[in-house]
*Asks:* 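Take a look at the following structure, please.
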Amino acid sequence: MTATTPAGETVRPMLRVRDLVPTYLGYAQAAADAPGERRPGWWRTHYLDRHPEIFAALDRDGDWSTGPDLVAVLDRLAGEGVDLAARSAALRASLPDAVATVSRAMGWAGDADPVDCVVLVGLHRANGWADTLDDRLALFLAVEEFGGADDDRLLVLHEAAHVVHDRLAGIRDWPGHGVANALLTEGLATLVSAETAPGLADEAYLWCGRPGYRPWLDECRRRWAEILGRISADLDATDLDHYAPYFLMRDSPLVGDLPKRCGYLVGLAAVRRLREDHRLSEIASWDLHRVRAEIRQAVDDLAARA
């Protein structure tokens with residue numbers, strides 16, 4: 001897939017798509033008659049161990065190989081009867097256009113290194129994410145979480161934006177739980193999905209098409225000044241406890257009764273504010289020092305307008 005950037009450069013992002021679904025289906029066939037408690041062993045030897053370079057990146061905390069609910073999740077996957085191969089084919093077919101569209105929007109013309117895209121069967125914990133693979137951010141898509149709806153494209157666009165952003169600014173090297181840089185990275189990815197798939201409500205972009213989040217958005221807007229005050233005080237934090245209330249669904253000792261993941265809305269609003277003065281390609285190329293300064297000014301501007 002080729003396209004051109006706003007500057008007229010030809011976009012030819014090279015893709016390297018790794019499809020792990022056939023390996024999973026081999027595991028599933030081998031483990032079909034095994035007692036449930038033996039499935040984790042088959043899962044490791046017939047699936048995880050067949051792709052060590054990928055699962056070394058994903059299984060740093062043992063979530064994929066020794067999680068406490070592993071037996072239950074593997075039993076659930078075995079009983080779903082979903083055509084995972086068809087989902088994989090649909091996702092793989094969508095990737096060239098999605099990555100080219102995002103690259104064009106962010107002003108990245110591609111380089112000699114391919115963009116890695118891994119299509120796999122996960123453990124019903126996430127539908128898509130970006131993680132480090134071979135010293136680059138790669139795009140991971142878990143087929144068991146996809147249903148083939150058009151809204152799936154929002155998730156692919158969002159996560160592809162993280163991967164392209166990494167090519168432009170090396171975001172994988174930024175503090176993992178930095179509040180200011182997360183506002184920029186998540187806000188930018190959300191705005192890219194909004195600009196490349198226009199016409200939807202904000203909650204669709206903020207939750208990648210999942211329905212039912214208008215009440216969440218309304219609560220965030222009702223408490224907007226409070227949320228901005230909290231996040232402004234935490235902009236320099238880089239620890240998980242301060243990051244979690246704004247970007248994760250998990251409980252946190254600091255979350256109080258804040259709407260979970262409200263940082264995504266603040267990030268989107270902040271990047272929209274920055275977009276008034278800068279092109280997406282500029283924003284996506286800033287280093288961390290510039291990001292922190294610009295995000296602080298953007299949050300201050302939002303507070304002044306609240």
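Basis for what follows: all heavy atoms, side chains included, without hydrogens, waters or symmetry-related copies. Just so it is clear, the model here is predicted, and its values are computed rather than measured.
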*Asks:* side-chain contact (heavy atoms from CB on, under 4.5 Å), that's the test. Do Asp277 and Arg273 meet it? Break it down for me.
*Replies:* CA-CA 8 Å; Asp277 301 318; Arg273 166 64 192 91; 2.8 Å; yes
*Asks:* Does Arg18 pair with Asp134 as a salt bridge, N-O distance under 4.0 Å?
*Replies:*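 Looking at Asp134 together with Arg18, the answer is yes, because their closest N to O distance falls below 4.0 Å.
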*Asks:* Say you draw a straight line from OG1 of Thr132 to CG of Asp116; how long is it, rounded to the nearest 0.5 Å?
*Replies:*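 Interatomic distance, Thr132 OG1 to Asp116 CG, rounded to 0.5 Å: 11.5 Å.
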*Asks:* Are Leu137 and His165 packed together at the side-chain level, in the sense that at least one heavy-atom pair is separated by less than 4.5 angstrom?
*Replies:*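 Counting from C-beta outward, Leu137 and His165 never come under 4.5 Å.
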*Asks:* Salt bridge check: are Asp202 and Arg272 linked by an N-O gap of less than 4.0 Å?
*Replies:*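 Judged by the 4.0 Å cut-off on N to carboxylate O distance, Asp202 and Arg272 do form a salt bridge.
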*Asks:* Do Leu91 and Cys117 come within less than 4.5 Å of each other through their side chains, counting heavy atoms only?
*Replies:*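 When only atoms from C-beta onward are counted, Cys117 and Leu91 do not touch, as no gap falls below 4.5 Å.
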*Asks:* What's the spacing between Arg221 CZ and Trp216 CH2 if we round to 0.5 Å?
*Replies:*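 The distance works out to 9.0 Å.
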*Asks:* Answer yes when Asp69 and Arg76 have at least one side-chain N-carboxylate O distance shorter than 4.0 Å, and no when they do not.
*Replies:*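 No, no charged N to carboxylate O under 4.0 Å.
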*Asks:* What's the shortest heavy-atom distance between Ala169 and Ala284, and which atoms?
*Replies:*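 The answer is CB-O, 3.4 Å.
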*Asks:* Would you confirm whether Arg223, through its side chain, and Cys220, through its main-chain N or O, come within 3.5 Å as a donor-acceptor pair?
*Replies:*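 Side chain of Arg223 to backbone of Cys220, a donor-acceptor pair under 3.5 Å: no, none is there.
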*Asks:* Please walk me through it: do Val192 and Leu157 pass side-chain contact (heavy atoms from CB on, under 4.5 Å)?
*Replies:* CA-CA 7 Å; Val192 167; Leu157 293 170; 5.7 Å; no
*Asks:* Do Val121 and Leu20 have side chains that approach each other closer than 4.5 Å (heavy atoms only, starting at C-beta)?
*Replies:*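 SC-SC contact between Val121 and Leu20 ruled out.
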*Asks:* Look at the rings of Tyr213 and Trp207 and say which category their plane angle falls in: under 30° parallel, 30 to 60° tilted, over 60° perpendicular.
*Replies:*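 Judged by the thresholds at 30° and 60°, the geometry between Tyr213 and Trp207 is parallel.
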*Asks:* So, Arg44 side chain and Ser65 main chain: donor-acceptor pair closer than 3.5 Å or not?
*Replies:*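 Yes.
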*Asks:* Side chain of Glu144, backbone of His124: donor and acceptor closer than 3.5 Å?
*Replies:*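 Yes.
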*Asks:* May I ask you to decide if Asp63's main-chain N or O and Asp59's side chain share a donor-acceptor pair within less than 3.5 Å?
*Replies:*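 Yes; at least one donor-acceptor contact below 3.5 Å.
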*Asks:* Quick one: pull up CD1 in Ile231 and CZ in Phe247 and give me the separation to the nearest 0.5 Å.
*Replies:*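 It is 5.0 Å, given to the nearest 0.5 Å.
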*Asks:* In the structure I gave you, are the side-chain heavy atoms of Tyr24 and Val143 within less than 4.5 Å of one another anywhere?
*Replies:*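 A side-chain contact under 4.5 Å is absent here.
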*Asks:* Determine the minimum heavy-atom distance between Glu219 and Pro259, stating which atoms define it.
*Replies:*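 Residues Glu219 and Pro259, closest heavy atoms: CD-CG, 3.8 Å.
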*Asks:* Considering residues at least two apart in sequence or located in another chain, which fulfil the side chain to side chain contact (heavy atoms under 4.5 Å, CB included) criterion with Ala306?
*Replies:*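 So Ala306 forms a side chain to side chain contact (heavy atoms under 4.5 Å, CB included) with Trp224, Leu228.
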*Asks:* Would you check if His177 and His242 make a side-chain contact, meaning some heavy-atom pair closer than 4.5 Å?
*Replies:*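 No, too far: nothing below the 4.5 Å cut-off.
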*Asks:* Taking all atoms of both residues into account, what is the closest heavy-atom pair of Ala100 and Pro13, and its distance?
*Replies:*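 Scanning both residues, the minimum pair turns out to be CA-CG, 3.9 Å.
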*Asks:* Measuring from atom CZ of Phe55 to atom CG of Leu133, what distance do you get when rounded to the nearest 0.5 angstrom?
*Replies:*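 Between atom CZ of Phe55 and atom CG of Leu133 there are 11.0 Å.
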*Asks:* Determine yes or no for a side-chain-to-main-chain donor-acceptor pair under 3.5 angstrom, with Asp152 supplying the side chain and Phe146 the backbone.
*Replies:*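 Side chain of Asp152 to backbone of Phe146, a donor-acceptor pair under 3.5 Å: no, none is there.
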*Asks:* Can you tell me how far CG of Leu265 sits from CD of Glu203, rounded to the nearest 0.5 angstrom?
*Replies:*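 Taking CD in Glu203 and CG in Leu265, the distance rounds to 10.5 Å.
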*Asks:* Evaluate the side-chain proximity of Arg250 to Lys260: yes if any heavy-atom separation is below 4.5 Å, no if none is.
*Replies:*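 Contact flag for Lys260/Arg250 side chains = no.
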*Asks:* Going by an N to O cut-off under 4.0 Å, is there a salt bridge joining Arg305 and Glu276?
*Replies:*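 A salt bridge links Arg305 with Glu276.
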*Asks:* Check for a donor-acceptor pair, side chain of Ser193 on one end and backbone N or O of Thr190 on the other, with a separation under 3.5 Å.
*Replies:*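 It does hold such a pair.
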*Asks:* Among the clusters formed by ILVMFWY side chains lying less than 4.5 Å apart, do Met14 and Val119 turn up in the same one?
*Replies:*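 The answer is no; the residues belong to distinct hydrophobic clusters.
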*Asks:* Which residue pairs pass the salt bridge (charged side-chain N to carboxylate O under 4.0 Å, His left out) test with at least one member in residues 155-168, sequence neighbours excluded?
*Replies:*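 Non-adjacent pairs meeting salt bridge (charged side-chain N to carboxylate O under 4.0 Å, His left out): Asp111-Arg167, Asp166-Arg172.
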*Asks:* Inspect the surroundings of CD in Glu53 and state if more than 12 heavy atoms from other residues, nucleotides or ligands are less than 6.0 Å away.
*Replies:*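 Enclosed.
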*Asks:* If you measure from CG on Asp236 to CD1 on Ile295, what distance do you get to the nearest 0.5 Å?
*Replies:*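 Those atoms lie 12.0 Å apart.
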*Asks:* Take the angle between the ring planes of Tyr47 and Trp43 and call it parallel below 30°, perpendicular above 60°, tilted in between.
*Replies:*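 Tyr47 and Trp43: tilted rings.
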*Asks:* Run the ring-centre check on Tyr27 versus Trp42 and record whether the distance is less than 6.0 Å.
*Replies:*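 They do not qualify: ring centres at least 6.0 Å apart.
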*Asks:* Quick check: does any side chain N or O of Asp241 sit under 3.5 Å from a backbone N or O of Pro253, one acting as donor and the other as acceptor?
*Replies:*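 Side chain of Asp241 to backbone of Pro253, a donor-acceptor pair under 3.5 Å: no, none is there.
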*Asks:* Looking at Leu200, is its backbone amide N or carbonyl O close enough to the side chain of Tyr205 to form a donor-acceptor pair, meaning the two atoms are under 3.5 Å apart?
*Replies:*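 Looks like yes, one N/O pair under 3.5 Å.
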*Asks:* Give the C-alpha distance, both sets of side-chain angles, the deciding distance and a yes or no for side-chain contact (heavy atoms from CB on, under 4.5 Å) between Arg39 and Leu77.
*Replies:* CA-CA 11 Å; Arg39 283 188 177 137; Leu77 284 171; over 6 Å; no
*Asks:* Any donor and acceptor pair, going by atom type alone, linking the side chain of Tyr246 with main-chain N or O of Leu183 inside 3.5 Å?
*Replies:*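 Here the side-chain-to-backbone pair does not exist.
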*Asks:* For a side-chain contact (heavy atoms from CB on, under 4.5 Å) check, start with the C-alpha distance between Leu141 and Leu95, then their side-chain angles and the critical distance, and finish with the verdict.
*Replies:* CA-CA 10 Å; Leu141 301 171; Leu95 283 170; 3.9 Å; yes
